[in-house]
S.K.: 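Okay, handing you the structure first.
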Amino acid sequence: MTATTPSRQETAGVLVPRVVALPAAAELLDKLRDKHGPLMMHQSGGCCDGSSPMCYPQGEFMVGDREVLLGVLDLRLFLGQIRDDAPSDADGVPVWISPQQFAAWEHTQLVLDVVPGRGAGFSVEGPEGVRFLTRSRVFNEEETAALAAQRPLTGADWDVGRRPAPATQPQVVAQVDDACAFPQRS
């Protein structure tokens, strides 16, 4: 399958992504995968590293049955691209969040970014001199309605082999407001 750049048209059946990445974050994930193998991420709930997105080699962080899968970032994609096939375990980065954090953030799209500096050290990007940062954007009414029909997968679902459908919107976006259009005020 080849990657394509979609038009910005809304279509029925669009899967609204709960997590996307800015180009710098996607590039860093690709670099980290080359060093550490397949990766996964967990949106921290506020303990040691505040509310930072944490990156681990797959299997290094125990995902509980109730953890919520925000999405699987596809490292085969570049800015604005989508594919009609799901990434392999080596190319996909599952992004998890605790059920309590999900309840607080479910109305927002999380946008993964990278900034200079160091996190507290649990996340694998620490030695790179940068850290992941979560930005967010509130879903509009149409997206919220679409998400109501998209039950997110949990750790228990993942353990029995359930995986999300391939993304139908870009996962690598140019800027936070480019993740999806903001609703227009009249």
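Just so it is clear, the structure is predicted and the values come from calculations on it, not from any experiment.
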S.K.: Is there a side-chain contact between Thr134 and Asp113, using heavy atoms and a 4.5 Å cut-off?
M.R.: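 The answer is no; the side chains never approach within 4.5 Å.
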
S.K.: Show your working on side-chain contact (heavy atoms from CB on, under 4.5 Å) between Val95 and Leu69 and close with a plain yes or no.
M.R.: CA-CA 6 Å; Val95 181; Leu69 180 68; 5.6 Å; no

S.K.: Under a 4.5 Å cut-off applied to non-hydrogen side-chain atoms, are Pro57 and Val124 in contact?
M.R.: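 Counting from C-beta outward, Pro57 and Val124 do come under 4.5 Å.
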
S.K.: In chain order, what residues pass the salt bridge (charged side-chain N to carboxylate O under 4.0 Å, His left out) check against Arg162, with sequence neighbours excluded?
M.R.: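 If we apply the salt bridge (charged side-chain N to carboxylate O under 4.0 Å, His left out) test to Arg162, skipping adjacent residues, the hits are Asp157.
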
S.K.: Is the number of heavy atoms from other residues, nucleotides or ligands under 6.0 Å of Phe61 CZ greater than 12?
M.R.: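 It does: Phe61 CZ has more than 12 such atoms within range.
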
S.K.: Members other than Val115 in its cluster, when Ile, Leu, Val, Met, Phe, Trp, Tyr link by side-chain heavy atoms under 4.5 Å?
M.R.: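 Leu133, listed by chain and number.
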
S.K.: How close do Gln109 and Pro17 get, counting heavy atoms only, and between which atoms?
M.R.: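 Shortest heavy-atom separation between Gln109 and Pro17 comes out as NE2-O, 2.7 Å.
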
S.K.: In residues 32-41, what donor-acceptor pairs under 3.5 Å come from side-chain atoms, sequence neighbours left out?
M.R.:
residue: Arg33; atom: NH1; partner: Ala90; partner atom: O; Å: 3.2
residue: Arg33; atom: NH1; partner: Asp91; partner atom: OD1; Å: 2.6
residue: Arg33; atom: NH2; partner: Asp30; partner atom: OD1; Å: 2.3
residue: Lys35; atom: NZ; partner: Glu128; partner atom: OE2; Å: 2.6

S.K.: State which residues pass side chain to side chain contact (heavy atoms under 4.5 Å, CB included) with Ala25; sequence neighbours excluded, sorted by chain then number.
M.R.: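 Testing Ala25 for side chain to side chain contact (heavy atoms under 4.5 Å, CB included), a comparison that skips the adjacent residues, returns Ala21, Leu112, Val114, Phe132.
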
S.K.: Over all heavy atoms of both residues, which pair between Arg18 and Phe139 is shortest? Give the atoms and the distance, please.
M.R.: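 Taking Arg18 first and Phe139 second, the nearest heavy atoms are CA-CZ, 4.1 Å.
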
S.K.: Closer than 3.5 angstrom, by distance alone: can the side chain of Ser123 be matched with the main-chain N or O of Cys55 as a donor-acceptor pair?
M.R.: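 Yes, because the side chain of Ser123 sits within donor-acceptor range (under 3.5 Å) of the backbone of Cys55.
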
S.K.: Under 4.5 Å between any side-chain heavy atoms of Pro166 and Asp84, yes or no?
M.R.: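 Heavy-atom side-chain distance check fails, nothing below 4.5 Å.
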
S.K.: Using every non-hydrogen atom in the two residues, find where Val130 and Leu28 come nearest and quote the distance to one decimal.
M.R.: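 Nearest pair, atom of Val130 first, then Leu28: CG2-CD2, 3.7 Å.
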
S.K.: So which heavy atom on Pro152 is nearest to which on Val68, and how close?
M.R.: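 Pro152 and Val68 have their closest heavy atoms at CB-CG1, 3.7 Å.
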
S.K.: Once you round to the nearest 0.5 Å, how far does CZ of Arg83 lie from CG of Leu77?
M.R.: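 So the gap between those two atoms works out to 7.0 Å.
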
S.K.: Would you say that Asp89 contacts Gln58 through its side chain, given a criterion of any heavy-atom pair below 4.5 Å between the two side chains?
M.R.: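 Result yes, sub-4.5 Å side-chain heavy-atom pair found.
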
S.K.: Nearest 0.5 Å please: distance from the CD atom of Gln101 over to the CD atom of Gln43.
M.R.: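 Here the rounded value is 6.5 Å.
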
S.K.: Search all heavy atoms of Ile82 against all heavy atoms of Pro170 and return the closest pair with its distance.
M.R.: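 Looking at all heavy atoms of both residues, the closest pair is CG2-N, 3.4 Å.
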
S.K.: Quick check for you: to the nearest 0.5 Å, what is the distance between Arg76 atom CZ and Asp74 atom CG?
M.R.: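 So the CZ of Arg76 and the CG of Asp74 are separated by 4.0 Å.
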
S.K.: Return the set of residues passing side chain to side chain contact (heavy atoms under 4.5 Å, CB included) with Thr108 (not counting sequence neighbours), or none when no residue passes.
M.R.: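 Residues passing side chain to side chain contact (heavy atoms under 4.5 Å, CB included) with Thr108: Trp105, Leu110, Ser136, Val138.
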
S.K.: Kindly compute the distance separating CD (Gln171) from CZ (Phe78), expressed to the nearest 0.5 Å.
M.R.: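 Rounded to the nearest 0.5 Å, the CD-CZ separation comes out at 13.0 Å.
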
S.K.: Please enumerate all residues that pass side-chain hydrogen bond (donor to acceptor under 3.5 Å, both in side chains) together with Glu67, with sequence neighbours excluded.
M.R.: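 So Glu67 forms a side-chain hydrogen bond (donor to acceptor under 3.5 Å, both in side chains) with His42.
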
S.K.: Does Pro23 reach the side chain of Val172, with side-chain heavy atoms less than 4.5 Å apart?
M.R.: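 Pro23 reaches Val172 side chain to side chain.
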
S.K.: If only atom types and distance count, is the side chain of Glu143 paired as donor or acceptor with the main-chain N or O of Val16 below 3.5 Å?
M.R.: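 No; judged by distance alone, with no hydrogens or angles, the pair does not exist.
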
S.K.: Can you give me the closest heavy-atom contact between Val173 and Leu79, atom names plus distance?
M.R.: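 Answer, listing the atom of Val173 first, then Leu79: C-CD1, 3.3 Å.
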
